[in-house]
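Only one structure is covered here, and it is reproduced in the block below.
In what follows, chains are A, B, ... by sequence order, proteins preceding strands, each numbered from 1. Side chains are part of it too, since the values below use all heavy atoms of this structure and drop only hydrogens, waters and symmetry mates.
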Amino acid sequence: MSQPNPSAPTLGPGFWEKFALLDRRIIFAFIFLGLALPLFYTIRQPIPVSPEGRAYYQSIENLPAGSKVLLSFDYDPPSSPELQPMAEATFKQLFTKNCKLVVIGLWPQGPQQAEQALATALRDPRFKDKKLEYGVNYANLGYMAGNEIVIQKMNADIISTFPSDYKGNATASLPIMRGVRNYKNFDFIINFSSGFVGTREWVQFCVDRSGAKMIAGNTAVQAPENYPYFRSGQLKGLLAGMKGAAEYETVAGQPGKGISFMGSQSVAHLVVILFVILGNIAYFVSRRKW
Amino acid sequence: MPGMVSLTLAGFLTLGIMSFVYKDNPIYKFCESIFIGVSAGYYFVLIFYQSLLPQLTDKIGLTGALTDSALAYYRQSGSLASVQWFNLIAAVLGMMMLMRLLPKIGWISRWPLAFVIGSIAGLKLIGELQTNIMTQIQKSILPLWAPQYVDGSLSLAASIGQSLTNIVLVGGILTGVIYFFFSKEHKGVFGGAARVGIWFLMVTFGAAFGLTVMSRMSLLIARIDFLLRDWLHLLG
Amino acid sequence: MKVKTGVLGIGLILLLAAGAVGQWLLPPLEVGAKDAPNDAGKSLLVLWKLSPSDTKGDKAVEGYQILRARSAEGPFEPVGTAAKGDTLFTDHVPQNGTDYYYKVRALGPEGVFAESETSGPAQSKAQWFNTERVNALLAVVILVSSILYFVYKAQSGRELYIRKIAGLEEVDNAVGRATEMGKKIVFCPGRLDMDNVQTIAAVLILGRVAKLAAEYDTKLEVPNVYSMVMVSCREVVKEAFLKAGKPDAYREDDIHYITQDQFGYAAAVDGIMMRDKPAAVFYQGAFFAESLLFAETGNSIGAIQIAGTAQPAQLPFFVVACDYTLIGEELFAASAYLSKEPRLLGSLKGQDVGKVFTMAAISLGVLLATLQTLGLFPREWVAAFANLFLVR
Amino acid sequence: MMRREIPLFITSVVGFIFVIRFFIPHEPFYSLEDVSSSWIQVIQAFAIWLGILNLLKVSLDKIYKKERGWGYSGVIIFSFLAISIAGFFFPLWEERPAGYSYLQHAREFLKPGTSFDWFYWYVYSPLSSTMFATLAFFIASASFRAFRARSFQATLLLLSGFVVMFGSVPVGNVLFGWLPAGWQVSDIADWVRNVPQVAGQRAIQIGIALGIISTSLRLILGLERAHLGREE
């Protein structure tokens with residue numbers, strides 16, 4: 001990196017004053033390179049696991065085999081780099097535990113993201129001889145408009161909230177839905193969310209009203225808002241962004257995209273931090289009149 | 001394996017949008033227009049199949065996706081929502097919403113809007129109180145001295161650590177709430193507490209900013225990975 | 001004595017055998033059913049004691065199956081399953097006021113099961129009040145009555161004190177600067193529709209900005225995401241111009257619709273900023289990812305930026321890049337402060353009462369909890385106090 | 001009256017139902033809430049359609065009046081039609097499974113391999129993802145420009161941002177590996193996120209919650225009318 005050298009004789013305060021007004025496209029170029037170059041190398045670095053990430057893994061691990069789990073996919077393609085790796089690893093862990101999975105989406109794109117994650121998980125050779133069957137081991141009830149109203153309505157009746165699955169089958173006819181009426185019939189709820197409608201609404205209208213146990217995967221932008229709920233026990237676990245995905249992959253022993261992208265993350269963070277430091281130097285130098 | 005044509009299209013669209021960071025240009029505008037049109041169409045189709053068919057026409061009986069088992073379920077659960085003419089009202093309210101497009105009778109869309117506003121106001125009044133006030137009070141009740149025991153005997157270091165954590169948490173919440181207090185001037189001790197409160201808010205924003213950097217970088221890594229790996233096969 | 005030991009011995013051997021072979025399975029005990037409390041009816045709680053074979057680490061019991069019948073004689077039909085270690089199942093029954101009978105089977109491996117005795121009859125009914133929510137009702141009553149009290153007080157003409165809010169004084173300066181520089185003001189009322197509380201607050205703040213703009217003869221542009229919001233904004237701005245005695249200066253086209261699309265809107269607003277270089281930009285209301293794009297662009301053209309939002313996730317960008325930011329509740333307070341509407345001022349006071357209660361509850365709880373760890377207060381009482389705030 | 005009083009009345013009644021239902025599980029409130037929720041699902045679906053139709057209206061207007069950039073409006077209309085046709089009419093050119101009616105086949109529009117699915121993965125998804133991805137560039141330049149230690153408060157913000165940034169990526173622990181165990185930069189970041197950050201968030205959320213509650217109350221009681229506009 002051609003980093004400006006403050007001790008070089010030609011660089012006086014004039015340089016720093018100009019630097020403070022640096023064309024932002026130069027920063028853009030550094031960011032692009034910082035992200036792209038590490039992709040060409042395999043960077044091994046130990047991933048520290050946060051308490052909330054460990055709790056996420058452990059609470060699934062503690063589920064009795066064969067538990068019924070409801071997963072809500074509340075995100076769209078832009079957030080998939082952060083949430084898709086979590087979803088894939090979660091599906092794998094749940095299938096290993098023979099859990100029965102019902103997927104819904106409160107964002108229109110959610111069910112399609114879920115389908116893709118399911119397809120990836122099902123390709124895993126470990127589940128080949130389990131003969132996982134649609135409608136019996138897992139089902140996708142599709143998207144429903146209505147935001148928090150949908151969450152609230154499922155307290156009363158899930159089947160009338162989602163009358164048909166995303167293929168157009170009547171939900172009531174799916175074997176997996178036998179005996180399911182509301183949240184009380186699920187052992188566990190998992191929410192992947194990147195904004196509104198999302199974890200905040202799930203905690204408000206599902207967890208607090210039905211007493212259900214829930215964990216969540218959030219984008220890193222969203223997560224700060226939901227840390228209080230993890231702290232208070234309204235969420236049993238929380239994954240925050242790509243780091244969260246990498247943590248989970250680490251604990252679950254299933255290396256995936258989360259871990260492999262952390263190299264680029266490291267470099268890009270360093271670039272940002274470096275520019276902030278340089279920006280501050282420039283700020284102080286140009287403020288002090290020489 | 002998706003075809004090269006599809007991938008090239010996706011690659012072109014990706015580069016087209018990215019060109020904006022250099023400068024606003026016609027190719028970006030072109031790609032952005034495609035995006036606006038496609039996303040509108042995407043929602044248009046999806047809402048039809050996944051909301052209106054199951055919630056409206058299936059229940060009224062226009063499109064017969066409801067099998068016998070579903071009907072049996074409705075009869076058994078006795079849900080009023082399955083009564084046909086009830087759902088016709090929903091259709092009428094929905095059409096009223098669309099009336100906003102017509103300047104003359106656009107005001108009628110206020111009726112369904114009022115319906116939505118009322119329900120969300122009712123839900124939020126309770127939901128915010130329960131989740132963000134009462135439960136947060138309950139979970140903020142922490143001892144300021146929190147003795148920790150390791151193998152049955154008191155560990156002073158761990159106890160001080162935990163106690164500090166609790167003090168910071170409770171202190172931050174209380175001073176933060178004081179900052180949001182509007183009917184008293186921020187002066188004296190009260191003003192000092194409010195100032196500590198704003199410090200906590202700043203730490204909060206800093207942490208959130210830091211996490212967001214990771215979030216945004218993730219999105220770009222995935223796009224670059226797509227360009228270099230899936231499209232151009234430069235990566236193994 | 002000898003006989004008893006003998007029986008016990010045989011029993012023990014049988015139990016051991018059961019454990020070893022995994023075929024001998026004991027049924028759950030004391031199966032009973034009762035109405036599920038605090039609900040709309042049509043559900044019964046089925047309760048039982050664990051099968052003696054259901055022990056931790058032992059694989060003899062895999063789970064339980066619950067069967068229901070209309071009469072004690074049957075026929076019994078399976079209605080659901082419960083996990084190993086569970087002693088409770090909520091059954092949804094077809095009718096209120098009808099007798100139902102239950103049996104619970106302990107399920108072993110390979111289809112073996114052991115069935116319990118039949119439970120006594122139980123009927124479901126709906127309740128008129130959810131007794132677990134008395135505390136929430138009390139909280140609602142306190143909060144609602146204090147808000148209503150102050151709204152009433154304010155409407156009857158009493159002056160209510162509201163502290164200064166940093167940033168609001170700057171609204172005047174920002175408009176003034178725009179006037180001096182001969183440049184325009186841009187006001188974004190957020191990206192949600194009129195059914196969002198933040199948008200309502202934003203429209204009220206716009207009223208004040210428009211009044212100043214009208215007085216100073218400064219051009220004001222309001223790009224919108226929703227047509228309903230646009231209509232409300234137009235009315236508010238028109239009224240402000242009327243009040244300032246300059247109805248001719250009002251131009252409806254300055255308050256215009258852009259698109260509902262997030263980045264379409266962001267690009268358009270960015271475009272306005274880059275082209276027209278406004279001297280002051282206001283972002284009030286609900287914002288999402290575009291907040292960063294706006295604040296960055298505004299910062300780069302050197303405009304005074306005043307932001308306000310109750311979206312916690314977007315606050316950092318505004319705080320970092322804008323000159324002044326109304327944080328969370330300050331947005332609502334600002335709408336009251338600027339519009340001087342009695343109902344808004346009154347409810348702001350009422351909210352403060354809510355804060356006093358919240359702080360008092362936390363402080364008292366923390367005091368009790370601390371006394372408890374110092375050994376000066378019984379543990380149960382602290383838990384009981386905390387549970388006053390538990391709403392199920 | 002039709003324009004103001006009736007909407008106010010509807011808001012009040014529906015709001016009351018949702019509040020009362022929380023305390024009284026008994027009929028008729030149970031069913032009233034159930035029915036209202038179903039209706040709202042339908043209304044909100046139409047509300048999304050309204051937004052789309054509005055966009056089309058504005059775009060067609062632009063084309064009709066040949067306003068600046070009307071060609072881009074044409075692109076919007078064209079791409080809207082393309083994906084809509086793919087979504088509604090793909091059974092016309094794709095092989096229909098045996099025994100399926102047109103509608104049954106059409107309802108499987110999300111199945112991998114349909115034309116609609118192709119649009120989703122090769123047009124919609126790259127476009128929307130890249131739109132968001134460009135924010136990575138802007139957050140970097142925003143940090144450079146705005147993240148400055150101008151005051152004590154700004155310095156706090158900067159420091160907590162730094163700690164969390166270093167703690168979010170593995171390289172942080174490598175650079176600061178000399179810190180004692182239990183005090184690694186990722187541990188400090190965990191603490192910042194879970195303690196002072198949570199305290200600040202809780203304070204913000206309590207304030208916002210009170211603001212929402214009082215506005216909701218005014219809406220239900222009909223004291224808040226700003227959202228309905230003026231009498232016309």
Side-chain angles (χ1 to χ4, degrees), chain A residues 22 24 27-28 30-32 35 45-48 50-52 76-81 109 111-112 115 119 142 144-147 149-150 152-153 156-157 160-161 164 166-168 220 224-225 227-228 230-231 240-241 243 262 265-273 275-276 278-280 283-284, chain D residues 18 22 30 33-34 37-38 40-42 44-45 47-48 103-104 107-108 110-112 117 120 124-126 128-129 131-133 136-141 143-145 147-150 158 161-162 165-174 184 186-187 189-190 193-195 197-198 201-202 205:
Chain A
L22 184 74
R24 63 185 187 183
I27 305 174
F28 294 169
F30 275 107
I31 288 291
F32 186 89
L35 291 174
Q45 21 176 21
I47 311 257
S50 64
E52 59 272 16
D76 54 359
S79 308
S80 71
Q109 302 86 343
Q112 235 159 322
E115 273 306 295
M144 189 54 67
N147 299 334
I149 300 281
V150 177
Q152 164 67 4
K153 193 164 178 251
D157 192 334
S160 83
T161 314
S164 62
Y166 92 113
K167 296 175 169 173
E225 227 179 299
Y227 272 106
F230 170 70
R231 187 86 205 170
K243 161 93 183 318
M262 282 322 269
Q265 284 285 7
S266 285
V267 177
H269 274 69
L270 288 182
V271 173
V272 172
I273 289 170
F275 269 108
V276 173
L278 293 175
N280 274 288
Y283 171 70
F284 281 108
Chain D
F18 275 83
F22 185 73
Y30 176 80
E33 193 202 59
D34 192 35
S37 318
S38 295
I40 288 166
Q41 284 178 285
V42 175
Q44 297 215 330
I48 296 174
L103 190 63
Q104 270 172 316
R107 286 185 111 149
E108 298 202 341
L110 286 181
K111 225 175 163 180
D117 193 59
Y120 183 79
Y124 177 76
S125 180
S128 59
S129 304
M131 280 281 185
F132 261 94
F137 296 117
F138 294 113
I139 202 168
S141 65
S143 315
F144 171 70
R145 220 194 298 272
F147 233 162
R148 297 209 173 146
R150 288 193 187 92
L158 188 66
F162 263 35
M165 269 193 256
F166 273 122
S168 297
V169 285
V171 74
N173 278 5
V174 177
Q184 289 284 296
S186 66
D187 299 319
D190 283 345
R193 277 204 312 269
N194 271 301
V195 183
Q197 201 272 137
V198 163
Q201 287 284 357
R202 252 185 214 170
Q205 308 236 9

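- To the nearest 0.5 Å, atom CG of residue A/L22 and atom OG of residue D/S141 are 10.0 Å apart.
- For D/S186, the part lying under 4.5 angstrom from a heavy atom of chain A is the side chain only.
- For D/R145, the part lying under 4.5 angstrom from a heavy atom of chain A is the side chain only.
- Taking 4.5 Å as the limit, some side-chain heavy atom of A/K153 sits within range of a side-chain heavy atom of D/S38.
- Between A/N280 and D/L158, some side-chain heavy-atom pair lies under the 4.5 Å cut-off.
- For the options D/A133, D/S143, D/A189, heavy-atom pairs under 4.5 Å to chain A are most numerous at D/S143.
- Here the closest heavy-atom approach between residue A/Q112 and residue D/D117 is recorded as NE2-OD1, 3.2 Å.
- Between chain A and the options D/I40, D/I48, D/D187, the largest number of non-hydrogen pairs under 4.5 Å is found for D/I40.
- Expressed to the nearest 0.5 Å, how far CD1 of A/I27 lies from CD1 of D/I139 amounts to 12.5 Å.
- Side-chain atoms of D/R193 and A/Y227 form a donor-acceptor pair, as typed in the model, at a separation below 3.5 Å.
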Give the intermediate values and the outcome of side-chain contact (heavy atoms from CB on, under 4.5 Å) for residues A/V276 and D/F144. CA-CA 5 Å; A/V276 173; D/F144 171 70; 5.7 Å; no
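- With hydrogens and angles left out, the side-chain atoms of A/E225 and D/Q205 include no donor and acceptor closer than 3.5 Å.
- Minimum interatomic distance between D/N173 and A/P48 (heavy atoms only, all atoms of both residues): ND2-CG, 3.5 Å.
- In this structure, CZ on D/F166 lies 10.5 Å from OG on A/S266, to the nearest 0.5 angstrom.
- Here CE of A/M144 is found 5.5 Å from CD of D/Q41. Values are rounded to the nearest 0.5 Å.
- Between D/S125 and A/P77, the shortest heavy-atom contact is OG-CB, 3.4 Å.
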Stepwise side-chain contact (heavy atoms from CB on, under 4.5 Å) test for D/V195 and A/R231: CA-CA 9 Å; D/V195 183; A/R231 187 86 205 170; 4.0 Å; yes
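- Atom CD1 of residue A/I149 and atom CD of residue D/Q44 lie 6.5 Å apart, to the nearest 0.5 angstrom.
- Closest non-hydrogen pair, D/E33 versus A/Q152, comes out as OE2-NE2, 2.9 Å.
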Given the rule in the side-chain contact (heavy atoms from CB on, under 4.5 Å) test, do A/R24 and D/F138 qualify, once you have shown the distances and angles that lead to the verdict? CA-CA 9 Å; A/R24 63 185 187 183; D/F138 294 113; 3.8 Å; yes
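- Residues meeting the side chain to side chain contact (heavy atoms under 4.5 Å, CB included) test with A/A156, sequence neighbours left out: D/Y30.
- There is no contact between A/E115 and chain D, counting heavy-atom distances below 4.5 Å.
- With rounding to the nearest 0.5 Å, the separation of CD in A/E52 from CG in D/N194 is 5.0 Å.
- Considering every non-hydrogen atom in both D/Q197 and A/P224, the closest pair reads OE1-CB, 3.2 Å.
- Contact record, A/G279 with D/R148: O-NE, 3.4 Å, taken as the closest heavy-atom pair.
- Aromatic pair D/F147/A/F275: centroids not less than 6.0 angstrom apart.
- Heavy atoms closer than 4.5 Å to chain D are found in the side chain of A/L270, but not in its backbone.
- Side chain to side chain, D/Y124 and A/Q109 meet the donor-acceptor criterion of an N or O pair below 3.5 Å.
- Ring geometry for A/F32 versus D/F137: interplanar angle under 30°, hence parallel rather than tilted (30 to 60°).
- Between chain A and the residues D/A140, D/S129, D/A47, D/G167, the largest count of heavy-atom pairs under 4.5 Å involves D/S129.
- Of the residues considered (D/A149, D/G172, D/A136), D/A149 shows the highest number of contacts with chain A, using heavy-atom pairs under 4.5 Å.
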